[in-house]
Amino acid sequence: MAYHPKSDFLRVMTERGFLADCTDYQGLDEALIAGVVPAYIGYDATAKSLHVGHLMNIMVLRWFQKTGGKPITLMGGGTTKVGDPSFRSDERPLLDEAAIESNIEGMKQVFAKLITYGDGPTDALMLNNAEWLDGLNYLEFLRDIGRHFSVNRMLSFESVKSRLDREQSLSFLEFNYMILQAYDFLELNRRYGCLLQMGGSDQWGNIVNGIDLTRRVLENEIYGLTTPLLTTSDGRKMGKSQGGAVWLNGDMLSPYEFWQFWRNTTDADTGKFLKLFTELPVEECDRLGALEGSEINAAKVILANEVTALLHGADAAAAAEATAREVFEKGGAGDDLPTLELSTDELGDGISIVQLFVRSGLAGSGKEAKRLIAEGGARLNDTELSDAGLFITPDQLAEPLKLSAGKKRHALVKLA
RNA sequence: GGUCGCGUAGCUCAAUGGGAGAGCGCCGGAUUGUAUAUCCGGGUGUUGCGGGUUCGAGUCCCGUCGCGACCGCCA
């Protein structure tokens, strides 16, 4: 890019690798210099926690706030009520109002840790598009907004085209989704003076729609900026760990397991992730990412510590690291391992080892636990298990037991 | 509302009324550095659900749910 940004925000975005595309790089740069710019990112309320895939965008908002912008986190309370039909697994009930509310509450926990909300000029706003979508009048909406959308053009969008090409049904509901999102941007501009929408590069089309709509209806010039779709260097989608999503809420994924996810980053991604997910100086990130061989493990520990500290606090990060050292370097057990606590009542006369693996989350089913034992991947206090029928009696639990599935996954079992 | 088609592993899909399978993913082991790559091992399943026919049903029949296509109603 020939143009050199003058604003701190765009400079950071460019330096750290956040920038995929921008509708008007220079125009946005000048707007950012001229004053406090409100910018938003939208989030669907389909799950009760955000996952790692969302983290990059939240980091963008964090940088945006640090460099003098006003972030807006827009919860899709209204659009989720309609339901995003693109994930059409058979018996997924449409989310009701209560479920959406509780999902939004769950997500707020994460935002509050990374972004400062309040009433000050650069304090962030938490909004919900139900605020303007719930009360929409259908005829008015069609007349004022619908007339600006060309169906011919909408049909040319890749998201729509691929569905039609495969002769899959596309409901009118889903067809309207992009219009509602464009309308969000318009309302945010009208109500809050929002000048910028950011999002993953898959949102480019939707963002541009919002910009066009706002130009036509309000004659305001606003901007869009997208971040690259994050994949690991071997081309796989990022964000899975041990078969589950990497949630950002501590009650859905413990800080220790979150820490492990980052600790296990591929060599080639370490430098990139340091720049995207930590706030260490760029030069430091480059230096750490360039380490080779076993030395780069130190960089991965720093990465894990920094990201975990941002999200769960420095204490949680330190505890996770201490446990990791204890478990992997000394072969012991740390306090921070996932722990299954059993009451004397639950335990009764004892419990089978298979049940313990299932209850502790190391195996998804009894069958899986038995297979694990048969393959020699299951260990009790670091001794390989051979007998799937092993029964643990209460007095064996006087001291906490350490269960292991494979080399990396461990859990403690103790009496409550 | 009617007619037809589809529903099998996490995903994409196979399987004359006769042994539930493949690729990818996933899990374990070796090698290693708690990473990649490589090698070895593991099929991970309520065949949407409920009945029936049959010695035997993923397969045939009835019902039901979900998805889709076409037709009708409306325009």
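Proteins get letters first, then strands, A, B, ... in listed order; numbering begins at 1 in each.
Pair assignment for B/rG1: B/rC71, on the basis of Watson-Crick or G-U wobble contacts that are both within less than 3.5 Å. Base-pair partner of B/rG41: B/rC27 (Watson-Crick or G-U wobble, both distances under 3.5 Å). Across all strands shown, B/rG33 forms no Watson-Crick or G-U wobble pair with both key distances under 3.5 Å. Nucleotide B/rG50 has B/rC62 as its partner under the Watson-Crick or G-U criteria, with both atom distances under 3.5 Å. Pair assignment for B/rA9: none, as no Watson-Crick or G-U wobble contacts are both less than 3.5 Å.
Separating the CD atom of A/E368 from the P atom of B/rG28 is a distance of 9 Å, rounded to the nearest angstrom. Taking atom CG of residue A/L385 and atom C1' of nucleotide B/rG28, one finds them 14 Å apart after rounding to whole Å. In this entry the distance linking CG of A/L291 with P of B/rU36 reads 18 Å, nearest Å. In this structure, A/K370 places its NZ atom 19 Å from P of B/rG28, rounding to the nearest Å. Nucleotide B/rG33 holds its P atom 20 Å from the CG atom of A/L288, rounded to whole Å. Atom-to-atom, CH2 of A/W262 to P of B/rG33 comes out at 25 Å; the value is rounded to the nearest Å. Summarising the geometry, the separation between CG on A/N264 and P on B/rC27 is reported as 11 Å, rounded to the nearest angstrom. Across the protein-nucleic acid pair, A/D382 atom CG and B/rU34 atom C1' stand 15 Å apart, rounded to whole Å.
Atom-to-atom distance recorded for A/L372:CG and A/K367:NZ is 15.0 Å, nearest 0.5 angstrom.
Residue side chain A/Q260 reaches the base of B/rU34 through a donor-acceptor N/O pair under 3.5 Å, judged by distance alone.
Distance noted for atom P between B/rG45 and B/rA22: 15 Å (whole Å). Rounded to whole Å, the P atom of B/rU8 lies 15 Å from the corresponding atom of B/rG68. With C1' as the reference atom, B/rC60 and B/rC24 are 33 Å apart, rounded to whole Å. Going from the C1' atom of B/rG43 to that of B/rC13 covers 16 Å, rounded to whole Å. Distance noted for atom C1' between B/rG25 and B/rU44: 11 Å (whole Å). Rounded to whole Å, the separation between the C1' atoms of B/rC6 and B/rU59 comes to 14 Å. A gap of 13 Å separates the P atoms of B/rG41 and B/rG23, to the nearest Å. Rounded to whole Å, the P atom of B/rG21 lies 14 Å from the corresponding atom of B/rU16.
Here A/F258 and A/W247 keep their ring centres 6.0 angstrom or further from each other. Between A/Y223 and A/Y25, the ring centre distance reaches or exceeds 6.0 Å.
A/Q26 and A/D29 are not linked by any side-chain donor-acceptor pair at a separation below 3.5 angstrom, with hydrogens and angles left out of the test. Of the N and O atoms on the side chains of A/S343 and A/D345, not one donor lies less than 3.5 Å from an acceptor on the other residue. Between the side chains of A/D336 and A/W259, no donor-acceptor pair is found at a separation under 3.5 Å. Judged by distance alone, the side chains of A/R215 and A/N189 never bring a donor and an acceptor atom under 3.5 Å apart.
Dashed line: the shortest gap from a side-chain N or O of A/R409 to OP1 or OP2 of B/rC27 is not under 4.0 Å. For B/rC27, the OP1/OP2 oxygens have no side-chain nitrogen or oxygen of A/K408 closer than 4.0 Å.
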### Message
As a quick check of understanding, evaluate salt bridge (charged side-chain N to carboxylate O under 4.0 Å, His left out) for A/K272 and A/D286, giving each step before the final call.
### Response
CA-CA 8 Å; A/K272 181 168 80 177; A/D286 285 335; over 6 Å; no

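Using a 4.0 Å heavy-atom criterion, one finds that A/G364 contacts no nucleic acid atom at all.
With distances taken from any side-chain atom of A/K367 to the nucleotides B/rU34, B/rG33, B/rG45, the minimum falls on B/rG45.
When each of A/T265 and A/R371 is assigned the nucleotide of RNA chain B bearing its nearest heavy atom, the one mapping closer to the 5' terminus is A/T265.
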Quick test: give all pairs of protein nitrogen or oxygen and nucleotides 29-31 of chain B nitrogen or oxygen below 3.5 Å, distance rounded to 0.1 Å.
{"residue": "B/rG29", "atom": "OP1", "partner": "A/K407", "partner atom": "N", "Å": "3.4"}

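A/Q65 and A/T122 get closest at one heavy-atom pair: NE2-O, 2.8 Å.
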